[in-house]
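The structure appears below as structure tokens.
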Amino acid sequence: MAVNTRTPLIAGNWKMNLDHMQAVAFVQKLYWTLKEAGHDPQTVETAIFPPFTDLRTVQTLIDADKIPFALGAQDLSEHDSGAYTGEISGQFLAKLACGYVIIGHSERRQYHNETDEIVAGKVQAALRHGLSPVICVGETSEDLERFGASAVPVGQLEVALENVAADADIVVAYEPVWAIGSGQAATPDQAQEVCAKLREVVAAKLGEDAASRTRVLYGGSVKSSNIASFMREPDVDGALVGGASLLVDEFAAIIRYQKHVGV
Ligand code: PEP
């Protein structure tokens, strides 16, 4: 496989937290915290995923103040327009300068019955509108016991990548469901093992070029104290961060993992 030229990506999934006013204060504080610490945004890409109702405000702020954060949404509709009350089209997200959209987060799969096929439809919708899907896959603790760590995420990713073009810009996030919000992160070895298998799926479906270019993230109880250990793994290209992305100093420290001792 080619040399790793992938820019690390630290992505903050705010979930249903922070209204648009709180979002402004948060983004400004995060920006200044990183700037004062001398963070070089070229070395690590930062992306934030606020609730839909914050997107316009945050987009205006990062545009006006030239804040070097990418913007993403937490979900989108499979459809482009029409009678789908409450749904949000990829068209609308593209107009708000969203670069990314999270698809298939375990909370959507669990509470909104999103199947692998729905996830695949959403991946297509994202790509139709020039958004990079952050495709979330991961096993529950029951899956882990029954099938081991990689079988379920590998199967989920295979379906999500059906009919995806070889040159598509995608991100994969391995998020073991048992590690999300539990405080019990996977070990770096566990994360590496599954992320490597997921990269093999990208290679099989989209080709070796895509596999060497695609960023594979780990997510699940990532903190400033464990991020560096994940980032040392060759197939972990970043993190999808939930709870810790809501704490300015903690999230800034995660983004600055390269400055941690021993990295
Ligand atoms: C998530 O929900 O994507 C997540 C990784 O959450 P946390 O970091 O809180 O475990």
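These numbers come from a predicted model, not from an experiment. In each ligand, atom 1 is the first atom listed, and ligand 1 is the first ligand listed.
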Query raised in the report: Would you say Ala244 touches ligand 1, if touching means a heavy atom closer than 4.0 Å?
Result: no
**Report entry** Min heavy-atom dist Ala179 to ligand 1 below 4.0 Å
**Finding:** yes
Report task. Among all protein heavy atoms, pick out the one at the shortest distance from atom 5 (C) of ligand 1; state its residue, atom name and that distance to 0.1 Å. Result -> Glu175 OE2, 3.0 Å
Requested in this report: Write out all pairs satisfying salt bridge (Lys or Arg N to Asp or Glu O under 4.0 Å) with one or both partners inside residues 30-44, taking only residues at least two apart or from two chains.
Outcome: none
Report summary line: Filtering Gly181, Gly219, Gly243 for the heavy atom nearest atom 10 (O) of ligand 1 leaves Gly181
Report task. Under 4.0 Å from a heavy atom of Ser221: give me the atoms of ligand 1 that qualify, with their elements. Result -> 7 (P), 8 (O), 10 (O)
Query raised in the report: Nearest to atom 1 (C) of ligand 1, what protein heavy atom do you find, and at what distance?
Result: His105 NE2, 3.2 Å
Query - Charged N-O contact under 4.0 Å between Lys29 and Asp249 - result: no
**Report entry** Identity and distance of the protein heavy atom lying nearest atom 8 (O) of ligand 1
**Finding:** Gly242 N, 2.8 Å
Query raised in the report: Are Tyr218 and Pro176 side-chain neighbours, meaning at least one heavy-atom pair lies under 4.5 Å?
Result: yes
Query raised in the report: Between the side chains of Glu45 and Thr7, does any donor sit under 3.5 Å from an acceptor?
Result: no
Query - Asp169 to Pro133 - nearest heavy-atom pair and separation - result: O-CD, 3.5 Å
Requested in this report: Please could you name the atoms of ligand 1 that Ile180 approaches to less than 4.0 Å, counting only its heavy atoms?
Outcome: 1 (C), 2 (O), 4 (C), 6 (O), 10 (O)
**Report entry** Contact atoms of ligand 1, heavy-atom distance to Lys15 under 4.0 Å
**Finding:** 1 (C), 2 (O), 6 (O)
Query raised in the report: Is Glu114 salt-bridged to Arg108, cutoff N-O under 4.0 Å?
Result: yes
Query raised in the report: At a 4.0 Å threshold, what atoms of ligand 1 neighbour a non-hydrogen atom of Gly220?
Result: 5 (C), 10 (O)
Query raised in the report: So how far is it from Phe251 CZ to Ile10 CD1, rounded to the nearest 0.5 Å?
Result: 7.0 Å
